[in-house]
Chemist: 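Structure provided below as structure tokens; questions to follow.
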Amino acid sequence: MAFTHPVSRPSLDGRELEYVTDAVSGGWISSQGPYVQRFEEAFAAWNGVAHGVACSSGTAALTLALRALGIGPGDEVIVPEFTMVASAWAVTYTGATPVFVDCGDDLNIDVSRIEEKITPRTRAIMPVHIYGRRCDMDAVMDIAHQYNLRVVEDSAEAHGVRPVGDIACYSLFANKIITAGEGGICLTEDPRLAQQLAHLRAMAFTRDHSFLHKKLAYNFRMTAMQGAVALAQVERLDDILAARREIEARYDAGLKDVPGITLMPARDVLWMYDLRAERREELRAHLDARGVETRLFFKPMSRQPGYLDPVWPTLNAHRFSEDGLYLPTHTGLTAADQEYITGAVREFYTGG
Ligand SMILES: *Cc1c(COP(=O)(O)O)cnc(C)c1O
């Protein structure tokens with residue numbers, strides 16, 4: 001069904017079309033040509049990081065990051081309970097085992113509970129900046145140094161949060177803060193890791209194209225057409241983040257005294273405007289009937305069939321998944337749109 005107010009809508013009114021047209025007219029439709037590299041350089045520079053390696057999705061970026069760090073069968077990686085399943089799947093794809101840690105009140109990994117999950121097999125921590133809220137990275141990096149662990153940041157929902165881990169991974173899916181339709185990118189300071197990421201992304205080809213492949217790798221390349229869109233998006237990243245900050249402030253103001261709604265802590269960058277709602281299913285039906293799309297919070301990883309663990313009903317992540325939802329959040333959302341949406345929420349709880 002088509003919503004008047006969809007939960008997400010890409011904003012493509014910069015030079016996206018111009019760059020794609022240029023890429024296609026130049027014959028650059030594979031990963032060759034200038035656009036992928038220009039995007040990698042622009043996004044790395046924006047973040048003040050030395051190297052960017054673009055790829056086909058956020059999930060691919062996470063998988064490449066773990067593989068570049070040498071993580072595989074027999075290893076364990078600390079992953080939050082409250083995240084999108086791709087964080088855990090990337091670990092499973094490498095043959096390693098995700099070990100889950102519950103979330104705190106900001107939905108991010110509860111750093112005070114990481115150490116109890118560390119074993120002699122633990123190799124890395126994957127903090128996820130959920131809905132654009134930065135994890136306590138000082139605490140994560142302290143634990144990583146103390147136990148000699150690597151840190152892979154899942155920044156799929158947090159373009160604009162400065163990376164500090166060994167590798168930070170971003171998604172460029174259509175509903176993310178910036179997009180290429182599909183796509184992803186890894187950022188790292190380490191030139192050897194950057195070289196490994198690029199090698200694993202492109203089937204571990206050797207320079208001489210001898211067709212001898214020394215390791216199991218992937219075709220996770222980004223196309224020039226995706227690179228063209230992504231470059232145009234990076235050029236607008238400051239404006240996009242500023243527009244989203246205003247959207248967050250307007251939702252806060254419009255919802256702060258609505259009974260039945262609990263606002264969530266402020267975000268560092270706004271991906272999706274999340275909140276907790278009494279009688280959530282009835283609210284969703286009410287909004288649905290008024291053309292306003294909503295989405296539920298993630299479910300705990302321990303509730304996923306592939307990772308089922310009977311502890312799941314006791315988790316904070318479960319408690320949040322029971323009454324959390326997010327409202328339409330995209331760069332083009334206007335003040336009038338938000339007035340309509342918050343008005344519909346208020347109407348549900350106050351009858352007018
Ligand atoms: C979107 C997302 C991913 C996966 O990114 P894709 O580009 O869809 O593969 C991974 N982790 C989190 C937290 C996400 O929100």
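Throughout, numbering of the chain's residues begins at 1 and tracks the sequence. No experiment lies behind these values; they were computed from the predicted model shown. Atoms within a ligand are numbered from 1 in the order they appear, just like the ligands themselves.
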Chemist: Compute the ring centroids of Tyr273 and Tyr326, then answer whether they are less than 6.0 Å apart.
Modeler: no
Chemist: Can you say whether the rings of Phe100 and Tyr307 are parallel (under 30°), tilted (30 to 60°) or perpendicular (over 60°)?
Modeler: perpendicular
Chemist: Under 4.0 Å between a Lys/Arg side-chain N and an Asp/Glu carboxylate O for Lys176 and Glu157?
Modeler: no
Chemist: Distance check, rounded to the nearest 0.5 Å: Asp136 atom CG versus Asp106 atom CG?
Modeler: 9.0 Å
Chemist: Could Arg276 and Asp323 be called an ion pair, given the rule that one side-chain N must be under 4.0 Å from one carboxylate O?
Modeler: yes
Chemist: Mind checking ring-ring contact (aromatic ring centres under 6.0 Å, His included) for His199 and listing every partner two or more places apart, or none if nothing turns up?
Modeler: none
Chemist: Which protein N or O atoms sit under 3.5 Å from any N or O of ligand 1? Give each pair with its distance.
Modeler:
residue  : atom   : partner : partner atom : Å
ligand 1 : 5 (O)  : Ser171  : OG           : 3.3
ligand 1 : 7 (O)  : Gly58   : N            : 2.8
ligand 1 : 7 (O)  : Ser171  : OG           : 2.6
ligand 1 : 9 (O)  : Gly58   : N            : 3.4
ligand 1 : 9 (O)  : Thr59   : N            : 2.9
ligand 1 : 9 (O)  : Thr59   : OG1          : 2.5
ligand 1 : 11 (N) : Asp154  : OD1          : 3.4
ligand 1 : 11 (N) : Asp154  : OD2          : 2.7
ligand 1 : 15 (O) : Glu157  : OE2          : 2.5
ligand 1 : 15 (O) : Lys176  : NZ           : 3.0

